[in-house]
Protein chains: 2
Amino acid sequence: MPAKWCICDTLNHLPAPYYRLAMTAAGKHQVSRTDTTRRGGRQGGRAGIRDVAAAAGVSITTVSDALNGKGRLPDATRRHVREVAERLGYRPSAAARTLRTGKSGLIGLTVTTYGDEPFTFTEFAYFAEMARAATSAALARGYALVILPATSQHDVWSNVALDGTVVVDPSDHDPVVTELVRQGLPVVSDGRPAGTLPVTAWVDNDHEAAVLDLLDHMAEAGARRIGLLTGTTTDTYTRLSTTAYLRWCERVGQDPVYESYPAHDPCAGAVAADRLLARPDRPDAVYGLFDPNGTDLLAAARRYGLRVPDDLLLVCCSESMVYAATEPPITTLSLKPRRIGTAVVQLLIDAIEGVETDGPLERVIPTELIVRTSSQRRPPRTTVSAPRSPSSDRP
Amino acid sequence: MPAKWCICDTLNHLPAPYYRLAMTAAGKHQVSRTDTTRRGGRQGGRAGIRDVAAAAGVSITTVSDALNGKGRLPDATRRHVREVAERLGYRPSAAARTLRTGKSGLIGLTVTTYGDEPFTFTEFAYFAEMARAATSAALARGYALVILPATSQHDVWSNVALDGTVVVDPSDHDPVVTELVRQGLPVVSDGRPAGTLPVTAWVDNDHEAAVLDLLDHMAEAGARRIGLLTGTTTDTYTRLSTTAYLRWCERVGQDPVYESYPAHDPCAGAVAADRLLARPDRPDAVYGLFDPNGTDLLAAARRYGLRVPDDLLLVCCSESMVYAATEPPITTLSLKPRRIGTAVVQLLIDAIEGVETDGPLERVIPTELIVRTSSQRRPPRTTVSAPRSPSSDRP
DNA sequence: TGATCATGCAGAAACGTGCCTGCCAAGTGG
DNA sequence: CCACTTGGCAGGCACGTTTCTGCATGATCA
């Protein structure tokens, strides 16, 4: 007889405690159900809220109230129920709770996919750092992150109940974003949305100011002709940074010198770096927009016999610590992905839980230029006389 | 009159089509419900399966069968229902489906946490690569990954309905793993489980063989005394690699020369590399167990005026591409995290969907030694005569 | 012609919670 | 003594699916 408690006509043969259990656990409306076969049949093994109610001799409502801290219950009952639940190893069903409350505690994090399989996951340390901070911030507030592809893999998106989504660098009229907004879910983007994308909020750096500042820094260090290593991709970061470079060139009256390559190709960067330094109008300083550009440019400089920073100033945008240990150490621009990931998640959870804010909420995170040897010339007083042979300027 | 269909006593006043809708959509058991206020009251705005059934003039069952490709339906009905569902923008509720079917399509991925906040997310490129491959493999089979902390943050774990979990390098008697197994969920670990941890399956490299092979490679390249840069952590990878090193030393009759440091401290690695090269019994070859050790050792070698590979052979375990572009390029041992991430997810989903396998299933992924300049001495035939001054050998 | 069978669908029972409603008893003021 | 509050709990509906069961209807066959 595996059934701990039953209700059939043998009820009055049971001793008093069992009788009470049966009375409180199963109301008259449940008599028609075959409770014995369901629970008694050892199905799944997980204890439900009904089992807790039966074991504690109270109703389902009381168990729910006791565990969730609601209702009007004396502390004695509350403790008793909690203890019984603990003893049975009761875990509330997340699916049932989600269905009932409408909140799942899950927030999506889109990863952009190049081509079919791969993701910009570790391509650049930026995303890894950002995702790490986002995960941490979400967990601190009781949410978990779900990694989802930015493509409209429809089945996967609709198979998971999300409370909101973080999108990384959404494209112009992102179908995923519009679909999510249509469903009434808040969407916060890393990177300001292009066009009229209806995001709830967004977080970004001031990329133009960062590039202008950085170019000024290199010019101050003695750069005469600054080159750019950029991407063929059309995302906002690349676009804003490149136009800022072109604006700066126009302002100081320098001809733009840049090479662009598909940023998702791990090998194309080194080739483009080579192209840039092989040009007849070779720059004497280069800013690389993407993470691996620093090492690529350094290797290319060695191949051409250029000393860094004496013959070539180098700055790249990266979050990687390796640039502190290269020879020489390379100046990097940090976009502060941790702060961005944290801010994005905070804004999203605020939108999920909090009041409706009118209009998109924006937050700009300051960048940080970590100045190392590669962008610092020897003290300029030596440059005043004749350090770089003028013959190289007029051949 | 916002209600598209109603059931009250005005039913027989409706024209024929509406009558059919009302009849098929709402059975007699639903008359007592206030359907009009629920759906008609514009609540949430999302269309449910009932709305689709009503709009298509069929029953809920037919809608479910038509959309899921089950049941015996003529293609005409199937197409009609699909079209109506599309027109209404119907998306099935993931929570309800999960509750009913017991499968959520979500699998957990644990990230180990050092201290409070941070995770081993980008600490070493290994995890990022592995997580990327795991995400990709999961999505290809219709699952999504949920990032969860390895600590027993109890609320977060029980608030998400998982079908299974991937654990990375579980500790000896991991409470999370035992809890998950107790709930009947499959658990697959990256890294062979220590002790009697009851995982469903595991994937790992043959770390001992890899280290022995690698040390042989260095000895073959002329190393007389090989040092080790290792960690104070007690995880399986560190333990197996270190004992393999010690066994190798014993076999070839060399005194072990190693320094260990807390691997989660981003600065301690450089300090330990310095310590290792400052020892009186300075090694002429070093293997670094962790990702950043290569650049740290290279920087330390420069500080001590040691040329690589002439005075010091270097190998480190890393997945980073930067070691192809350093000066000189550094030989790395790759643990093939992509293959591991893919294998782990495949095994897990097989366990979720497939038949029960008896006993833990194990899969060993081969490692790859990417030989670069840092572990190759000049061609040995030159060494036969007198390329390196013999004075350095007998001072 | 009646029995059998495949077809095309509708009814309704779950899945496990949360919470609204409401009943009963005990105290409390008039 | 009665209305009235208040504490302490039980009943039961609803969340939105999936799926088992079963009822018609026409076709086929003995």
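Just so it is clear, the values below take in all heavy atoms, side chains as well, and ignore hydrogens, waters and symmetry mates. Naming: A, B, ... by sequence-line order, numbering from 1 per chain. Note that the structure is a prediction, hence the values are computed from the model and not measured.
Side-chain contact check for A:I107 versus A:L145: some heavy-atom pair is nearer than 4.5 Å.
Summarising the geometry, the separation between CZ on B:R91 and P on D:dT17 is reported as 12 Å, rounded to the nearest angstrom. Rounded to whole angstrom, the span from the CG atom of A:L99 across to the P atom of D:dA14 amounts to 14 Å. Taking atom CZ of residue B:R50 and atom C1' of nucleotide D:dT17, one finds them 10 Å apart after rounding to whole Å. Taking atom CZ of B:R78 as the reference point, atom P of C:dG8 lies 10 Å away to the nearest angstrom. Between B:L67 atom CG and D:dG16 atom P there is a gap of 16 Å when expressed in whole angstrom units.
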Polar atom pairs (N or O), protein with nucleotides 26-28 of chain C, under 3.5 Å:
none

Are any protein N/O atoms closer than 3.5 Å to N/O atoms in nucleotides 18-23 of chain C? If there are, list each pair with its distance.
residue	atom	partner	partner atom	Å
C:dG18	OP1	A:N68	ND2	3.4
C:dG18	OP1	A:R97	NE	2.9
C:dG18	OP1	A:R97	NH2	3.2
C:dG18	OP2	A:S64	OG	3.1
C:dG18	OP2	A:N68	ND2	3.4
C:dG18	N2	A:R100	NH1	2.4
C:dG18	N3	A:R100	NH1	2.1
C:dC19	OP2	A:K70	NZ	3.1
C:dC19	N4	A:T61	OG1	3.1

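Heavy-atom nearest nucleotides on DNA chain D were determined for A:A96 and for A:T77, and the one closer to the 5' end corresponds to A:T77.
Phosphate contact (OP1/OP2 of C:dG16, side-chain N/O of A:S93, threshold under 4.0 Å): absent. Taking only side-chain nitrogens and oxygens, B:T62 comes nearer than 4.0 Å to OP1 or OP2 of C:dA10.
Counting non-hydrogen atoms under 4.0 angstrom, B:T98 reaches nothing in the nucleic acid.
For A:V58, counting side-chain heavy atoms from C-beta on, the closest listed nucleotide (C:dG8, C:dA10, D:dA10) is D:dA10.
Under 3.5 Å, the side chains of B:S59 and B:T62 contain a donor-acceptor pair of N or O atoms.
Residue A:G71 comes nearest to A:D65 through the heavy atom pair CA-OD2, 3.9 Å, listed as atom of the first residue, atom of the second, then distance. Considering every non-hydrogen atom in both B:A144 and A:I147, the closest pair reads CB-O, 4.2 Å.
A donor-acceptor pair is defined here as one N or O able to donate and one able to accept, closer than 3.5 Å; such a pair exists between the side chain of A:T200 and the backbone of A:V187. For the pair A:T178 (side chain) and A:P175 (backbone), a donor-acceptor distance under 3.5 Å is present.
The pair B:R141-B:D350 counts as a salt bridge, with a side-chain nitrogen and a carboxylate oxygen less than 4.0 angstrom apart.
The structure places CZ of A:R97 at 14.0 Å from NZ of A:K103, a figure rounded to the nearest 0.5 Å.
Listed by chain and residue number, B:V52, B:A55, B:A56, B:H80, B:R87, B:L88 satisfy the side-chain contact (heavy atoms from CB on, under 4.5 Å) test with B:V84 (two or more places apart in sequence, or in another chain).
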